[in-house]
Amino acid sequence: MSCIDFMECASRTQWRRRFGFELAGYASPRFKTKRAGAAVSLIALLLALGVFETRASHATWPQFRGPNCSGLAPGAHPPLNISPSNNVVWSAEVPWSPSSPCVWDDRIFLTAFHGGELETHCYDASTGRLIWAKGIKPEQLELFHSTEGSPAAGTPATDGRRVVSYFGSIGLVCYDYAGKQLWKHPLPVALSGGSYGSGTSPAIIGKLVVLNRDQDQGSSLLAVDIASGKTVWETLRPDAIGSFGTPILWQNEGMPEIVMPGSVRLKGYDPKTGKERWTLDGVASFVCTTPVTGNGMLYFAAWSPGKADMPWGNYEAFLKSFDKNHDGVVSLNEIDPITREYMRGLDRDRDGKITEADWKGLEAAAAKAENVMLAVKPGGKGDISATHVAWKTTRGLPYVPSPLFYEGRVYVVRDGGMLSCYDAATGKPFYDRERLAATDSYYASPVAADGRIYVASLAGKLTVVKAGGDKPEILHQADFGERISATPALVANRLYLRTKTRLYAFGENSVASR
């Protein structure tokens, strides 16, 4: 909360919501004329007490993966032994969507596709009660994978007064905390990479809402004013044909930069103008992950299927497997429905057929890509591919979960439940692809607080690992019995977890309330 925010927090209800107690007489009529001067004095007192720092750092999880998409909650003390029946403060039924909880003080926000509408939900963090749900019925739904995707996959973002949601079918929409729509920024229906549906989330960076719009055609990085929803700048990304990561802020030797991964390239942008400052070639061709920062450096890890991972080897073998009418191309209707949803992204020109030209285009893109984790040194400008990579490795790479920087180490989780840990300064592995006894795919990203790392598998197993060490020490593991796509949120002494059908709040020594 900034000093300006404090001045606007005039009523006792607003004060109680933000700080947990009332300021007696602050909003009374006779006090209004003295309010500004008193507020300034009180601000000085609260700054000395560290209240503003505490609220900003410890009591919020304002967007995907929390502060700056880091996955970290400094000063938080979430519970260890959690399960569907242990340390449950409350649980509430929620509609299915893979987006993650966004938390600010006593409010939790989620997105959902429910009843044919793209919805933003607001819940009471103390009880799990649904306070409001606001939906918009789209004129046209974006194409998305029926089991792995959703038209409401993006996690909302909040600044403590407004909540912003992104839906690939309609664009950005902003509500106040009472559920009143403040503005809407319409966007064309997204044509996402691989036809999986949009997977990115909006990020609030200063007074901007920054959005990754990488797609098959017309990719861009968009920044709108958080107060009005009006475009501040938009930078085209013609070489980005598909990525699902969320933009982050990097203090590059004191110079703020927005960092956004894309197809084959990682890039840095000027937050004021959107102008590209640097580019780094040689990352994965189809990016699901988000970068993280730590100790002045930038860390990024991504894997995607490439030439070496194609099960058919070449186009001729692909035809032999799927060209049922032997006309030299593979029509999408020749592929069984389940496989088709995974493979329709190979149809680059979206003409309903996978041709040799489509195949060669994919091979050309894969030839430029590298599945890699790397650390980027600060200070670079222009093409930094050969000058500012501190270290890199090709082991243990994640497909969907983003990397985690925590206490001088970088952690990544690979499908199959394999956790790796590297020295953030040198890239030296402390351990490499160690099994977590939860051998499944992973969509949720790891998060950390209080010396623990929380990792959730797609099949519904939550594993808590002790940070540090030469091998992963499993402190606790629980099976929720249903799909977990969402990344957990860590706020103060709470952990919020969204499963396929429920939203849980966990706290020490609690019991289920519903």
Side-chain angles (χ1 to χ4, degrees), residues 1-10 14 17-18 36 39-40 43 46-47 51-57 59-70 102-105 107 109 111 120 122 154-167 170-187 200-213 220-237 245-252 254-260 267-277 290-291 293:
M1 184 180 189
S2 68
C3 295
I4 293 174
D5 293 334
F6 176 88
M7 297 292 286
E8 294 178 357
C9 186
Q14 289 171 313
R17 176 178 294 176
R18 295 202 181 214
V40 171
I43 287 169
L46 292 174
L47 284 171
V51 170
F52 293 118
E53 175 65 25
T54 299
R55 303 311 291 173
S57 299
T60 67
W61 194 264
Q63 58 189 29
F64 171 67
R65 290 196 89 201
N68 202 29
C69 304
S70 65
C102 161
V103 186
W104 191 289
D105 289 342
R107 295 291 182 265
F109 301 100
T111 58
T120 302
C122 175
T155 298
T158 181
D159 65 351
R161 287 179 291 168
R162 295 158 287 225
V163 57
V164 181
S165 299
Y166 169 65
F167 304 102
I170 60 172
L172 292 161
V173 59
C174 177
Y175 301 96
D176 68 14
Y177 270 29
K180 177 184 176 182
Q181 183 176 309
L182 300 177
W183 53 260
K184 184 180 175 183
H185 187 101
L187 291 166
T200 188
S201 301
I204 295 177
I205 299 177
K207 298 299 181 182
L208 300 177
V209 178
V210 185
L211 179 69
N212 161 26
R213 281 279 289 180
S220 69
L221 185 64
L222 172 68
V224 306
D225 180 77
I226 192 171
S228 66
K230 294 181 179 179
T231 299
V232 177
W233 50 259
E234 184 172 13
T235 301
L236 297 180
R237 289 164 53 87
T246 296
I248 68 163
L249 184 69
W250 181 29
Q251 294 293 337
N252 188 349
M255 181 75 71
E257 291 179 343
I258 292 173
V259 179
M260 185 63 229
K267 293 187 176 185
Y269 298 87
D270 185 329
K272 293 183 179 179
T273 65
K275 182 179 179 181
E276 183 183 307
R277 284 183 174 161
T290 295
T293 65

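Computed from heavy atoms alone, side chains included, the values below leave out hydrogens, waters and symmetry copies. Just so you know, these numbers come straight off a predicted model, no measurement behind them. All residue numbers in this chain count up from 1 along the given sequence.
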Check whether any side-chain heavy atom of [X] lies under 4.5 Å from a side-chain heavy atom of [Y], and answer yes or no.
X      : Y      : value
Leu211 : Leu187 : yes
Val163 : Cys122 : no
Ile204 : Pro62  : no
Trp183 : Val224 : yes

Go through the structure and list residues passing side-chain hydrogen bond (donor to acceptor under 3.5 Å, both in side chains) with [X], not counting sequence neighbours.
X      : result
Tyr175 : none
Gln181 : none
Glu234 : Ser220
Thr111 : Ser99

Could you work out, with salt bridge (charged side-chain N to carboxylate O under 4.0 Å, His left out) as the rule, every residue matching Arg237, not counting sequence neighbours? Asp214
Using the salt bridge (charged side-chain N to carboxylate O under 4.0 Å, His left out) criterion, which residues pair with Asp270? Sequence neighbours excluded.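 Checked Asp270 against salt bridge (charged side-chain N to carboxylate O under 4.0 Å, His left out); matches are Arg277.
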Return the set of residues passing ring-ring contact (aromatic ring centres under 6.0 Å, His included) with Phe109 (not counting sequence neighbours), or none when no residue passes. Tyr177
Check side-chain contact (heavy atoms from CB on, under 4.5 Å) between Thr246 and all other residues, then give those that pass, not counting sequence neighbours.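 Phe64, Cys69, Thr200, Ser201, Ala203, Thr290.
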For Thr293, side-chain contact (heavy atoms from CB on, under 4.5 Å) partners two or more places apart: Asn68, Ile248, Trp250, Leu298
To the closest 0.5 Å, what do you measure between [atom1] ([X]) and [atom2] ([Y])?
X      : Y      : atom1 : atom2 : answer
Arg162 : Ile226 : CZ    : CD1   : 4.5 Å
Lys207 : Ser228 : NZ    : OG    : 12.0 Å
Leu221 : Arg213 : CG    : CZ    : 12.0 Å

Scan for salt bridge (charged side-chain N to carboxylate O under 4.0 Å, His left out) pairs involving residues 171-185, sequence neighbours excluded, and state none if there are none. none
